[in-house]
Structures are given as C-alpha cells and as structure tokens.
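Only one structure is covered here, and it is reproduced in the block below.
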Amino acid sequence: MTEDSNYAVTVRGLTKSYGATSVLKGVNFSVRRGEIHALLGGNGAGKSTLIRIITGSASQDGGTIEFRDRADRLRTEAEGRRKVAVVHQELALLPNLTVAENIALPHFSRGFGLFNRKWAIKQAHAALSMIDRSFADASLHWFVGSLSLHEGQMVEIARALASGAELILLDEPTANLTALETERLFSVLRRLTQETGLSVVFVSHRMKEIRQIANTCSIIRDGRTVIDREPMAGLSDTAIIEKMGQLSQAQAQVQERPAADISRAEGHGRLTIRENGLEISLEPGVILGVAGAPAGPQTLIDTLVGAARSKRWTVSHAGWPARFSSPHQAATLGSGFITGDRSHKGVLHSLPIIDNVLASRRIVRGSLFTGARESVECLDLMQALKVKAASIWDLPNTLSGGTQQKLLLARWLGVPSRLLVLEEPTRGVDIGTKKEIYQLIRQMAASGTMIVWWSTENTELLEVCDRVLAFNTDGRCAGVIERQDLTEDKLAELTGMAA
Ligand SMILES: Nc1ncnc2c1ncn2[C@@H]1O[C@H](COP(=O)(O)OP(=O)(O)OP(=O)(O)O)[C@@H](O)[C@H]1O
Ligand SMILES: [Mg+2]
C-alpha cells in the first residue's frame, strides 16, 4: 500500500438535466487513492451519467469536480482526466482495428508520438494476459468487429488496465464475463490497488460480486447521494437495498410455481435436444437453465433460434419444424428470443420506445398497425417492468442501460409462445426489478411456455430453473443438474469455474 490516503477525485453538488428531466440533483462522490469503491443504485439512478461527467464525455450543469495527484496537489480537469480510464456499460471499441490497436491506441491519441506497432503489441499482450493468457496469445491481430461480446469486454478492460490510469471507472464490467474471468479481474484489481495505489470505481447489480471486491460504497438514488462513502463491512445487503429504494420489491417472495400443467401437452410440444449421447427433453412449462463459458451455450442457442446451423446439436420439436431456418421464422411460429447483445442486436436505436417494446408482438400478429390500443399495451408493459421514461416516443438512447434491457424483455412478456430462449435476460437490471422479472417469466412458464435461460449469474439459475445444462470451459456439455440437486458448488464444479 502506498502512503497516499488522499482523494483521487472529489465531486460536489453535481447537477445535470436532459431537457426537462433532472437526472443528477446535487450528487456528492469521492474516491480515495488505493480503494475499490462500489457505486450503487437502481436502474436510472444516475450512475453512468456521473461516470460520463467525471470522464468529460458529458458536461455538468452545476457542481465541482476536483482531481488530485499522488502528492495531494490539485490538478487541472484536463490533467486529471488524462489519469482516468473507463469501461463503459456498452462496449466502445473500434471494430475495424485489431485487438492490439484498440488496446494501445489511447496512448497515441494522448500525444505519445507515432504509432509503434511492436510496442503496441507488447502492451496489449501484457494487459490481456492479466485476465486470460490464452486469449491474449491468440487474439492480438484479430479485428475487434469479429469478437464476441464477452471477448470484447475483456479487450475493453485490458485497455483500461494498460492505460496507466490512476483511477479506473468500471461501469458493469463483469456483465459479459464468466465467473473465472471475473475472479481473475478481481485479483488483478486487488493487486493493482494495493501495489500501485490505483483507485477503482465499480458499478454492478450483482450483490455477491460487490461484496467480493469493494471495500467502500456510495449509493445514489434518483439523482441524489443517499450514502456517501461508507465501509462495505458496515452495511448489510438489506441496508443497501433499502437505501436504493428497492427493499419491498427485493423481499417480495418469489411464489412457488405451480407445477406446470404437463398433462395438458403430454408428448405434444416437447422439445428434445441431443448431443453425443446426451439427451434433454423439455416439457411445456419447464425452465431449463444453461450455464458455463459462452462458447458452449452460444452454439446451442444459435441452433434453437435458427440463427446458425450446427452439426453438433439435434433438436426436435414434437409437432413443430425440426429446426427453424431463421430467428424470424422461429418468432412467427411461436418461439421467442431475447438476445444477449442488446446494443448491437437487440435495441432498435432509431425507433422510439413503443416500437422497441411491441416489435415481437407485431411480428407474431403480422400487423404493423399502431393504434391507441398499442399505446396502452406499451404503457402496461413498461409499468410491469418499472421502465422509467418521459414518453413512449423517446428514443432508447435516452434510457439507462438496465432500462434498455427491460425493453427487450417487454417484447416477449405475455406473448403466447411455445418456447422462449433468453440470453442473459437480466443483464444490468437492478436487484428489485430482477425479482419481478423472475416472477413474470415463471408466470409464462406456468402458462405452458418452455424456457431456455442462459445466465452467467449462478445465483439466478439457482433461483429460477427446474434443471440446468452445464457446459465446461472447453464448451462441452458437462452434465444436467435437476432442481433438487442444484447448488452453487455443483454448478461451479461442472462448469469448471470453482473459485
Ligand atoms: N441523453 C439522455 N436524454 C434524456 N435522458 C437521459 C439521457 N441519458 C440518460 N438519461 C436519463 O438519466 C437517468 C439516469 O441514467 P443513467 O444511465 O445515469 O442511469 P444508471 O444509474 O446508469 O442506470 P443503469 O443501472 O440502468 O445503468 C435515466 O432516467 C435516463 O433516462
Ligand atoms: Mg448505467
């Protein structure tokens, strides 16, 4: 630990409005040198806005920001920001450049002279190796546009780690990572904070991770600071959730699901998935969890929704096409899909909220009609998912990250479907709303929909699934666990991600 105990950044009385919407209403926030500081709050509380203002990518209306150097001297804002690196909630990489170029470029854009390729490759390799050595060995010359969401996330984190920043702001960096990668990232952060006095701000909606990594926390609620720097150890989960204003939702008992009415559809509508001697059969109403590193689940899901053909899987649906030829065909035949890549494949950025929410319904109904009835339907769905928006005609980019995720969920809620395939459906959704989503999806299952639910958050799978198909880190099926045998240890063991 360095001797420094000063503050890397201090924010006082920050205000920010977008049009008539007041987003930050006098936020105080400060980060000490060498600490890992959890910045917490529900969806739309103002966390990402605060981060954008600290990094200078948005401007404040009022309030002050002070950056200090290691000797506790005040820096100018421009100087201070040069020592800040950020991992944004949505990936911000340049797709036509390679992994190495993406990681090293910020150095050169800051005036370090001509691009030195050899140096760049060395830097990028060292930074990526901290999280995943084999990925670092393989990927330096790949174009970033060809990476999966999860690989892109590792590149973003490596870019921040390689930047030489004294303050790193991580806005939900683990949302696309596996448990093993998250654990590696955490140990790198712990080491750097202790050895170099790096300060880290960590935003997450996963309570378990927050406890693992952060020593201090601040909470904002509705644009105001409600906890300003308190030790994590002194705050219970209940106290944190209460301060975020979500206690009643989070404590709502998830009702035991009535056993799905399987008799109604004996043999009918059953989905069978086979791979090398493994056979899983899904009856209507069953929630099948999928766990493990993305390589395995991705091929299964792509096959199920008709996004890609794979020789590996044999899928048969009683009374249905053996295989869908495209996600569109799947949707029209009653199979829903929520993509895990909300910003590139999910959200329709140039269409208003109402079109985003009703997209699947219109496809299923074969109608493009927008009438008054649709507005009511849209508002009902937004209310069910607690979507905070000024108007249904606003564009999705005026919504917070977790709120955009809710738009994708709303698309399939209550749409009668036989199968619903979910890729990390609660990514970035706050603790209170997550519980409500579990409840809503369970209701869909109870009405006879088969659900396939891929999640990297094991606690979520434990809470919602009837059985879980686990993949190991090589992408192979490691086994199926039935609900009565489902424990966190068992999942960690089968997925090869025991910490
Ligand atoms: N460009 C914009 N125009 C209008 N409103 C905006 C804009 N950007 C953000 N907002 C509003 O500001 C509020 C705070 O958003 P912000 O993204 O900071 O929330 P957050 O705490 O990061 O939430 P999440 O946990 O969902 O990521 C939200 O209500 C959002 O709708
Ligand atoms: Mg955010």
Side-chain angles (χ1 to χ4, degrees), residues 11 14-27 29 37-61 63 86-92 153 156 169-176 201-207 209-210 217-227 240-241 243-246 249-250 342-343 346-347 349-350 352-353 356-357 382-383 385-410 424-437 457:
V11 170
L14 207 64
T15 55
K16 172 78 180 171
S17 297
Y18 286 103
T21 316
S22 170
V23 174
L24 301 184
K25 302 163 185 165
V27 165
F29 180 63
H37 189 133
L39 171 60
L40 308 178
N43 293 135
K47 305 177 295 296
S48 299
T49 307
L50 171 61
I51 286 178
R52 281 198 295 271
I53 293 176
I54 293 177
T55 59
S57 64
S59 57
Q60 75 256 45
D61 298 337
V86 61
V87 171
H88 289 288
Q89 195 166 11
E90 309 296 342
L91 293 186
Q153 187 74 59
E156 280 241 23
L169 309 169
L170 303 171
D171 198 347
E172 295 189 52
T174 56
N176 303 313
V201 173
F202 180 76
V203 177
S204 170
H205 292 291
R206 298 179 172 187
M207 195 54 89
E209 285 183 358
I210 297 163
C217 96
S218 292
I219 302 180
I220 49 181
R221 174 172 171 182
D222 222 356
R224 288 199 174 84
T225 306
V226 289
I227 293 260
I240 290 175
I241 296 168
K243 284 288 177 189
M244 297 197 307
Q246 304 200 315
Q249 292 142 276
R342 76 167 165 249
S343 54
V347 172
H349 294 279
S350 55
I353 292 171
N356 269 279
V357 166
M382 286 165 67
Q383 198 179 11
L385 291 171
K386 306 233 160 12
V387 172
K388 251 173 75 176
S391 152
I392 57 173
W393 299 104
D394 283 349
L395 288 177
N397 66 6
T398 62
L399 302 177
S400 77
T403 312
Q404 292 183 26
Q405 184 69 32
K406 294 179 194 173
L407 298 186
L408 302 192
L409 275 157
E424 202 85 74
T426 61
R427 172 174 294 158
V429 171
D430 61 33
I431 295 167
T433 322
K434 251 185 214 177
K435 290 276 184 177
E436 291 177 348
I437 288 168
E457 195 177 358

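What's counted below: heavy atoms across the whole structure, side chains too, no hydrogens, waters or symmetry copies. Since the structure is predicted, the reported quantities are computational estimates derived from the model, not experimental observations. All ligand and atom numbering here is 1-based and tracks the order in the structure.
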Exercise. G402 heavy atoms, cut-off 4.0 Å: which ligand 1 atoms fall inside?
Worked result: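 The list of qualifying atoms is 24 (P), 26 (O), 27 (O).
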Exercise. Quick one: which ligand 1 atoms are inside 4.0 Å of a heavy atom on H205?
Worked result: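 Under 4.0 Å from H205, ligand 1 has these atoms: 25 (O).
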Problem set entry | Contact check: G46 vs ligand 1, nitrogen or oxygen atoms, below 3.5 angstrom |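 Between G46 and ligand 1, an N or O pair is found under 3.5 Å apart.
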For this session: Before signing off on this row, confirm whether S48 and ligand 1 have an N or O atom pair separated by under 3.5 Å.
Result: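 Looking only at distances, the answer is yes, because the N/O contact criterion of under 3.5 Å is met.
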Exercise. Just wondering, is there an N, O or S atom on Q89 that's nearer than 2.8 Å to the Mg ion (ligand 2)?
Worked result: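 Yes, since at least one N, O or S atom of Q89 sits under 2.8 Å from the Mg ion (ligand 2).
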Exercise. So, is N43 placed with an N/O/S atom under 2.8 Å from the Mg ion (ligand 2), counting both backbone and side chain?
Worked result: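 So N43 does not count as coordinating the Mg ion (ligand 2).
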For ligand 1, is [X] a contact, meaning one of its heavy atoms is under 4.0 Å away?
X	answer
A390	no
L399	yes
A45	yes

How far is [atom] from its nearest protein heavy atom, and which residue and atom name does that atom have?
atom	result
atom 27 (O) of ligand 1	Q89 NE2, 2.8 Å
atom 26 (O) of ligand 1	S400 OG, 2.6 Å
atom 25 (O) of ligand 1	K47 NZ, 2.7 Å
atom 6 (C) of ligand 1	T398 O, 3.1 Å
atom 23 (O) of ligand 1	G44 N, 2.8 Å
atom 4 (C) of ligand 1	Y18 CB, 3.3 Å

Check for a donor-acceptor pair, side chain of [X] on one end and backbone N or O of [Y] on the other, with a separation under 3.5 Å.
X	Y	value
T21	V23	no
K47	G41	yes
E156	A92	yes

Exercise. Can you list the steps and then say if H205 with E172 is a side-chain contact (heavy atoms from CB on, under 4.5 Å)?
Worked result: CA-CA 8 Å; H205 292 291; E172 295 189 52; 3.6 Å; yes
Problem set entry | Short side-chain donor-acceptor distance under 3.5 Å, S48 and D171 |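 Looking only at side-chain atoms, S48 and D171 do form a donor-acceptor pair, the distance falling under 3.5 Å.
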Exercise. Between the side chains of R342 and Q405, is a donor N or O closer than 3.5 angstrom to an acceptor N or O?
Worked result: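 Checked: R342/Q405 side chains pair up, N/O donor to acceptor below 3.5 Å.
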For this session: Compare all side-chain heavy atoms of F29 with those of I220 and state whether any distance is below 4.5 angstrom.
Result: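 The answer is no; the side chains never approach within 4.5 Å.
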For this session: Please name the pair of heavy atoms, one in H349 and one in L395, separated by the smallest distance, quoted to 0.1 Å.
Result: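 Heavy atoms only, the tightest pair is O-CD2, 3.8 Å.
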Exercise. For the residue pair G428 and N43, what are the closest heavy atoms and their distance?
Worked result: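 Of all heavy-atom pairs spanning G428 and N43, the closest is O-ND2, 2.8 Å.
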For this session: Look at atom NZ of K16 and say whether more than 12 heavy atoms of other residues, nucleotides or ligands are closer to it than 6.0 Å.
Result: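 Correct, the count exceeds 12.
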Problem set entry | Proximity to ligand 1 by part of T49, non-hydrogen separation under 4.0 Å |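 It is both backbone and side chain that touch ligand 1.
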